Amino acid sequence: MCYHKSLKVKLEKLAEYYQAEYDKTMSELYGDNPISYHENGFDFKATPIVTAGVPNALQNFNWGLVPFWVKDAAGGTKLRVSTLNCISEEMYDKPSFRDSAKEGKRCLIPSTGFYEWRWMDEKGKTKIPYHIHFKDQELFSIAGLYAKNKNMGTSGDYHSYAVLTTRANTLMTKIHNSKKRMPVIIPKQYEKDWLNPALSKDDVLALCNVVHEIDLDAHTISKRITDKKESSDVPEVLLPHVYEEVRD
DNA sequence: CCAGACGTTGTT
DNA sequence: GTCTGG
DNA sequence: CCAGACGTTGTT
DNA sequence: GTCTGG
């Protein structure tokens, strides 16, 4: 699973990585600051993504996929709580995701890392947060599906996406030791393929498994990440924090 | 037929 | 929009 | 997923 | 302990 991520990079650098344009609204929104240090999926916020539909632009889409058939805002807010993630193995079958999957509405979700908790005991009493990132590259793409809905009560259409998940690779099995899932990550050399709307189902599903060849790294961080009294969207949240009980 | 779901992960 | 359970 | 609540009356 | 809201 993946409900927390970071995008510690400026808009301009994002555009460069994806060879994509962005409009004035977006530059006003983010200015010259990194886009986020910690984003909680349950805030359902919009951040820049790249879609198969418009592969040469950064577009601000909301996390938590609201399918086109949702009839009103109440239905959307209820459903998106459980569509932050999509089990990639089932995306062609689930009512909430299958239309996006079949229509090739795949997207790249720019990320500089994601957060996961590791359980330190059998009883589920102690958990320690980690930030997971690439070993040798700051920015990378998480794979997603997206959709458009007209009934969310927003001024324009409501654009949203879900993070695809897959079986955890070796590193993630260690950290995400109870659920053993992780976001689908698309290496740079496959990004164009992923955004090709004509890609076959078999190829799509195969790309959801390349995570097993990816070299990720992780470090423990402070529990400030879940502190409600202080903002967690600050640079300090990413700093390594040593726990006695973690020996690896 | 109508009403209601449509989802993720999980044992704190 | 489409499927399932009642 | 986590954090926070943990209730009453009313009545389509 | 379990449910709900975010």
Side-chain angles (χ1 to χ4, degrees), chain A residues 1-6 36 38-47 62-103 105 109 111 113-132 142-153 157-158 160-169 172-184 208 211 218 220-233 237 243 245-246:
Chain A
M1 63 79 162
C2 173
Y3 295 148
H4 301 261
K5 57 189 171 74
S6 61
S36 85
H38 171 225
E39 177 193 1
N40 181 346
F42 290 91
D43 291 333
F44 309 104
K45 277 190 299 200
T47 55
N62 291 87
W63 196 358
L65 189 145
V66 177
F68 75 98
W69 45 258
V70 163
K71 295 178 195 69
D72 51 37
T77 50
K78 191 178 177 203
L79 187 57
R80 68 182 181 181
V81 172
S82 43
T83 55
L84 290 163
N85 290 177
C86 168
I87 296 175
S88 62
E89 297 92 323
E90 300 172 352
M91 70 173 125
Y92 287 92
D93 308 315
K94 297 278 183 179
S96 293
F97 303 116
R98 61 188 174 198
D99 301 283
S100 294
K102 288 172 190 167
E103 291 165 21
K105 291 185 171 169
I109 303 152
S111 174
F114 54 96
Y115 298 92
E116 201 55 77
W117 282 259
R118 175 179 176 186
W119 289 99
M120 303 309 292
D121 54 25
E122 295 293 314
K123 303 207 166 171
K125 291 233 158 95
T126 314
K127 60 175 190 299
I128 289 171
Y130 282 73
H131 184 254
I132 302 103
I142 292 174
L145 292 174
Y146 65 95
K148 176 171 86 175
N149 182 283
K150 299 175 187 305
N151 309 315
M152 287 293 281
D157 292 333
Y158 187 80
S160 58
Y161 70 88
V163 165
L164 287 162
T165 66
T166 188
R167 200 163 49 83
N169 67 10
M172 287 308 298
T173 299
K174 245 187 239 169
I175 297 171
H176 200 205
N177 54 347
S178 58
K179 303 161 218 166
K180 300 194 168 36
R181 301 288 296 174
M182 66 178 287
V184 172
C208 290
V211 292
T220 53
I221 55 166
S222 153
K223 290 181 178 175
R224 173 168 183 169
I225 187 92
T226 46
D227 189 339
K228 283 268 160 128
K229 297 184 286 289
E230 291 186 289
S231 168
S232 61
D233 193 359
V237 85
Y243 292 87
E245 57 268 50
V246 179

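Keep in mind it's a predicted model, so treat the numbers as computed, not measured.
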Kindly list each side-chain donor-acceptor pair under 3.5 angstrom involving residues 63-86 of chain A, sequence neighbours excluded, with atom names and distances?
residue : atom : partner  : partner atom : Å
A:Trp63 : NE1  : A:Leu84  : O            : 3.0
A:Trp69 : NE1  : A:Pro95  : O            : 3.4
A:Asp72 : OD1  : A:Ala74  : N            : 3.4
A:Asp72 : OD1  : A:Gly75  : N            : 2.8
A:Thr77 : OG1  : A:Ala73  : O            : 3.1
A:Thr77 : OG1  : A:Ala74  : O            : 3.1
A:Arg80 : NH1  : A:Tyr158 : OH           : 3.1
A:Ser82 : OG   : A:Leu79  : O            : 3.1
A:Thr83 : OG1  : A:Leu65  : N            : 3.2
A:Thr83 : OG1  : A:Leu65  : O            : 2.6
A:Asn85 : OD1  : A:Cys2   : N            : 2.9
A:Asn85 : ND2  : A:Cys2   : O            : 2.8

Ignoring hydrogens and angles, write down the donor-acceptor pairs under 3.5 Å from the side chains of residues 38-45 of chain A, residues two or more places apart or on other chains.
residue : atom : partner  : partner atom : Å
A:His38 : ND1  : A:Ser232 : OG           : 2.5
A:His38 : NE2  : A:His4   : ND1          : 2.9
A:Glu39 : OE1  : A:Lys5   : NZ           : 2.8
A:Asn40 : OD1  : A:Phe42  : N            : 2.9

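Under the rule for a side-chain hydrogen bond (donor to acceptor under 3.5 Å, both in side chains), the partners of A:Lys105 that lie at least two apart in sequence or sit in another chain are A:Glu103. When the side chain to side chain contact (heavy atoms under 4.5 Å, CB included) test is applied to A:Ala218, the partners found at least two apart in sequence or on another chain are A:Tyr130, A:Ile132, A:Leu171, A:Ile175. In this structure A:Thr166 satisfies the side-chain hydrogen bond (donor to acceptor under 3.5 Å, both in side chains) test together with A:Asn209, sequence neighbours excluded. Taking the ring pair (Phe, Tyr, Trp, His ring centres under 6.0 Å) definition, one finds that A:Tyr146 meets it with A:Phe61, sequence neighbours left out. Evaluation of the side chain to side chain contact (heavy atoms under 4.5 Å, CB included) rule for A:Thr226 yields A:Trp117 as partners, not counting sequence neighbours. Residues that satisfy the side chain to side chain contact (heavy atoms under 4.5 Å, CB included) test with A:Ser6, not counting sequence neighbours, are A:Thr112, A:Tyr115, A:His131, A:Leu238.
As a whole-Å value, the separation of A:Asn85 CG from B:dG7 P is 13 Å. When the C1' atom of C:dT2 is taken as reference, atom CH2 of A:Trp69 falls 9 Å away, rounded to whole Å. Taking atom NZ of residue A:Lys148 and atom C1' of nucleotide C:dG1, one finds them 16 Å apart after rounding to whole Å. Distance CD (A:Glu116) to P (B:dT8): 16 Å, rounded to an integer number of Å. Put simply, CG on A:Asp93 is 13 Å from C1' on B:dC6, counting in whole angstrom units. Between A:Ile87 atom CD1 and B:dG7 atom P there is a gap of 10 Å when expressed in whole angstrom units. One interatomic measurement links the two molecules: CG of A:Leu164 to P of B:dG7, which rounds to 14 Å at whole-angstrom precision. One interatomic measurement links the two molecules: NZ of A:Lys180 to C1' of B:dT8, which rounds to 17 Å at whole-angstrom precision.
Listed nucleotides: B:dT8, C:dG1, B:dT11. Nearest to the side chain of A:Glu90: B:dT8. Taking the side chain of A:Thr83 as heavy atoms from C-beta on, and the options C:dG1, B:dT11, B:dG7, the nearest nucleotide is B:dG7. Closest contact between the side chain of A:Cys86 and the listed nucleotides C:dG1, B:dC6, B:dT8 involves B:dT8.
Comparing the same atom, P, in D:dA3 and in B:dT11 gives a spacing of 14 Å after rounding to whole Å. For D:dG7 and E:dT2, the P atoms lie 15 Å apart once the distance is rounded to whole Å. Distance check on atom P: E:dT4 versus B:dA5 gives 13 Å, rounded to whole Å.
When heavy atoms are screened at a 4.0 angstrom cut-off, A:Leu84 is found touching no nucleic acid atom at all. Backbone-only engagement by A:Thr165 is indicated by non-hydrogen atom pairs under 4.0 Å involving sugar-phosphate atoms exclusively.
Although no hydrogens or angles enter the test, the distance criterion places a donor-acceptor pair under 3.5 Å between the side chain of A:Tyr243 and the main chain of A:Ile221.
Phosphate contact (OP1/OP2 of B:dG7, side-chain N/O of A:Ser96, threshold under 4.0 Å): present.
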Detail all sub-3.5 Å separations between protein N/O atoms and N/O atoms belonging to nucleotides 2-5 of chain B.
none

Grab the N/O contacts between the protein and nucleotides 3-6 of chain E below 3.5 Å, and write none if there aren't any.
none

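Under the salt bridge (charged side-chain N to carboxylate O under 4.0 Å, His left out) criterion, the residue pairs touching residues 87-96 of chain A are A:Glu89-A:Arg181, A:Glu90-A:Lys94, with sequence neighbours excluded.
Using a 4.5 Å heavy-atom cutoff, the side chains of A:Ser88 and A:Phe97 are not in contact.
Residues A:Lys127 and A:Lys223 come closest through the heavy atom pair O-CE, 3.4 Å.
Base pairing in DNA chain B gives the following stems of 3 or more Watson-Crick or G-U pairs, range against range and under 3.5 Å: B:1-6 with C:1-6.
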